[in-house]
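Beneath this line is the structure, given in structure tokens, with notes to follow.
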Amino acid sequence: MTGYTADEMMTVEASRALREGTVCFVGIGLPSTAANLARRTHAPGLVLIYESGTLGAKPDRLPLSIGDGILAETADAVIGVPEVFNYWLQPGRVDVGFLGAAQVDKHGNINTTVIGGDYRDPKVRLPGAGGAPEIAASCKEVVVVLRQSRRAFVDRVDFVTSLGFGTGPGDRERFGMTGAGPRRIITDLGVLQPDPLTCEFVLTHLHPGVELAQVRENTGWELTVSPDLTRTPEPTERELTVLRELKAAS
Ligand SMILES: CC(=O)SCCNC(=O)CCNC(=O)[C@H](O)C(C)(C)COP(=O)(O)OP(=O)(O)OC[C@H]1O[C@@H](n2cnc3c(N)ncnc32)[C@H](O)[C@@H]1OP(=O)(O)O
Ligand SMILES: O=C(O)/C=C/CC(=O)O
């Protein structure tokens with residue numbers, strides 16, 4: 001398959017991380033596109049939860065935000081926001097939290113709050129936390145999707161909005177996090193997964209046509225490469241067609 005963009009490869013690979021029949025708490029932006037692609041391809045029974053209280057949403061276009069009416073109109077049920085957190089997320093009823101980020105570090109901590117400078121006077125003020133810290137804490141596992149660059153992939157995030165593995169093994173337990181934490185970071189260049197001993201993210205997959213040097217250039221820490229490094233399968237014709245239809249409808 002030829003003729004697709006790096007962003008399309010990232011979105012397709014992110015969609016593949018979601019399994020049929022599981023429950024996914026969807027972050028807005030890149031994760032929402034990938035989750036809806038998964039539901040329209042290999043995982044029609046994927047249950048999408050958006051933070052606005054929409055359970056089992058089946059939008060036929062990409063929602064503009066968690067408050068987009070298409071979510072409530074197509075959901076199996078609409079419940080209150082505190083109920084989503086207290087009755088669904090925190091008791092461990094959500095399999096996967098699917099999050100975007102402005103910055104991520106080698107231990108999978110996410111920053112969507114501020115970049116540089118002081119908290120009150122940062123270089124860049126980002127959208128903030130929303131429900132992401134709770135999603136990162138309590139989903140059985142977390143998948144993160146973002147474009148890879150030196151400014152985004154840093155040794156240590158400027159601000160820990162949503163905890164990954166903190167400073168390493170044991171931190172999640174110390175902070176009382178019930179979920180297993182980030183299992184995958186999917187980018188436009190490849191896929192990273194945490195080393196079970198160090199909890200540091202290592203490169204496990206390279207997307208087609210991407211060179212290892214390119215990934216190193218776009219990573220702000222000394223990147224470890226898995227001995228089992230593999231190539232991501234290219235997007236199929238169907239995945240690309242459905243993704244493009246979804247975007248065109250939005
Ligand atoms: C359930 C929930 O979803 S809770 C909601 C919590 N919020 C989130 O999860 C948001 C997650 N997403 C992000 O953080 C994204 O990086 C966003 C929304 C900040 C920006 O994403 P995109 O719209 O794809 O835009 P893009 O990556 O081009 O960045 C836009 C601007 O943000 C700023 N920015 C984003 N990332 C960075 C970074 N790592 N360092 C510095 N500035 C940054 C820059 O000003 C950038 O503009 P520039 O590229 O011209 O310098
Ligand atoms: O407030 C939040 O947690 C998420 C907001 C995202 C959105 O408004 O779509």
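Throughout, residue positions are numbered sequentially from 1 according to the sequence presented. Indexing begins at 1, ligand by ligand and atom by atom, following the structure's order.
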How far is [atom] from its nearest protein heavy atom, and which residue and atom name does that atom have?
atom                    : result
atom 32 (O) of ligand 1 : Leu126 CD2, 4.5 Å
atom 22 (P) of ligand 1 : Arg147 NH1, 4.6 Å
atom 8 (C) of ligand 1  : Thr112 CG2, 3.9 Å
atom 1 (C) of ligand 1  : Glu51 OE1, 3.3 Å
atom 6 (C) of ligand 2  : Ile28 CG2, 3.8 Å
atom 7 (N) of ligand 1  : Gly128 O, 3.5 Å
atom 3 (O) of ligand 2  : Glu51 OE1, 2.5 Å
atom 18 (C) of ligand 1 : Pro127 CG, 3.9 Å
atom 33 (C) of ligand 1 : Val124 CG1, 4.0 Å
atom 12 (N) of ligand 1 : Ala101 N, 3.9 Å

Verify the contact flag for [atom], where contact means a protein heavy atom under 4.0 Å away.
atom                    : value
atom 30 (C) of ligand 1 : no
atom 16 (O) of ligand 1 : yes
atom 26 (P) of ligand 1 : no
atom 39 (N) of ligand 1 : yes
atom 42 (N) of ligand 1 : yes
atom 50 (O) of ligand 1 : no

Nearest candidate to atom 4 (S) of ligand 1, where distance is taken over non-hydrogen atoms, out of Ala129, Gly27, Ser162: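 Among Ala129, Gly27, Ser162, the closest heavy atom to atom 4 (S) of ligand 1 belongs to Ala129.
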Nearest candidate to atom 11 (C) of ligand 1, where distance is taken over non-hydrogen atoms, out of Gly100, Gly116, Pro133, Ser65: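 Going through Gly100, Gly116, Pro133, Ser65 one by one, Gly100 has the nearest heavy atom to atom 11 (C) of ligand 1.
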Which of the ligand 1 atoms, numbered from 1, are nearer than 4.0 Å to a heavy atom of Ile135: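 Counting atoms of ligand 1 from 1, those under 4.0 Å from Ile135 are 1 (C).
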Under 4.0 Å to a heavy atom of Gly131 - the qualifying atoms of ligand 1, by number: 4 (S)
Hey, what do you get for [atom1] ([X]) to [atom2] ([Y]), rounding to the nearest 0.5 Å?
X      : Y      : atom1 : atom2 : value
Ile49  : Arg93  : CD1   : CZ    : 10.5 Å
Leu212 : Leu203 : CG    : CG    : 6.5 Å
Glu217 : Arg150 : CD    : CZ    : 8.0 Å
Ile185 : Ile110 : CD1   : CD1   : 7.5 Å
Lys140 : Asp95  : NZ    : CG    : 4.5 Å
Thr54  : Ile66  : OG1   : CD1   : 8.0 Å

side-chain hydrogen bond (donor to acceptor under 3.5 Å, both in side chains) assessment of Tyr119 paired with Thr113: CA-CA 9 Å; Tyr119 175 79; Thr113 304; over 6 Å; no
Heteroatom distance test (Ile28, ligand 1): nitrogen or oxygen, under 3.5 angstrom: yes
Side chain or backbone of [X] under 4.0 Å from ligand 1, or both, or neither, by non-hydrogen atoms?
X      : value
Lys123 : neither
Leu146 : neither
Ser149 : neither
Ala102 : both
Arg151 : both
Pro31  : neither

Stepwise side-chain contact (heavy atoms from CB on, under 4.5 Å) test for His205 and Ile186: CA-CA 9 Å; His205 294 71; Ile186 298 166; over 6 Å; no
Gln193 and Thr204 side chains, donor-acceptor separation under 3.5 Å: yes
Heavy-atom neighbours of Trp221 CH2 exceed 12 at 6.0 Å: yes
Residues Asp68 and Arg61 bridged, charged N to O under 4.0 Å: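 The answer is yes: the pair qualifies as a salt bridge.
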Arg147 and Asp188 ion-paired at < 4.0 Å: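 A salt bridge is absent here (no side-chain N lies under 4.0 Å from a carboxylate O).
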Where Gly108 and Pro182 come nearest, the two heavy atoms and their spacing: O-CG, 3.9 Å
Geometric N/O contact Gly131 with ligand 2, under 3.5 angstrom: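 Between Gly131 and ligand 2 (N or O atoms, distance only) the closest approach is under 3.5 Å.
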Per-residue contact class, Ile66 against ligand 2 - non-hydrogen pairs under 4.0 Å: both
Derivation of the salt bridge (charged side-chain N to carboxylate O under 4.0 Å, His left out) call for Glu8 and Arg244: CA-CA 9 Å; Glu8 286 177 329; Arg244 288 170 187 171; 2.9 Å; yes
Passing option when Glu239 is tested against Arg16, His42, Arg40 for side chain to side chain donor-acceptor pair (under 3.5 Å):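 Per the side chain to side chain donor-acceptor pair (under 3.5 Å) rule, the option paired with Glu239 is Arg16, out of Arg16, His42, Arg40.
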Close-contact set for ligand 2 against Gly130 heavy atoms, below 4.0 Å: 1 (O), 2 (C), 3 (O)
Main-chain N/O of Val154 paired to Asp105 side chain as donor or acceptor, under 3.5 Å: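 Not confirmed, Asp105 side chain does not pair with Val154 backbone.
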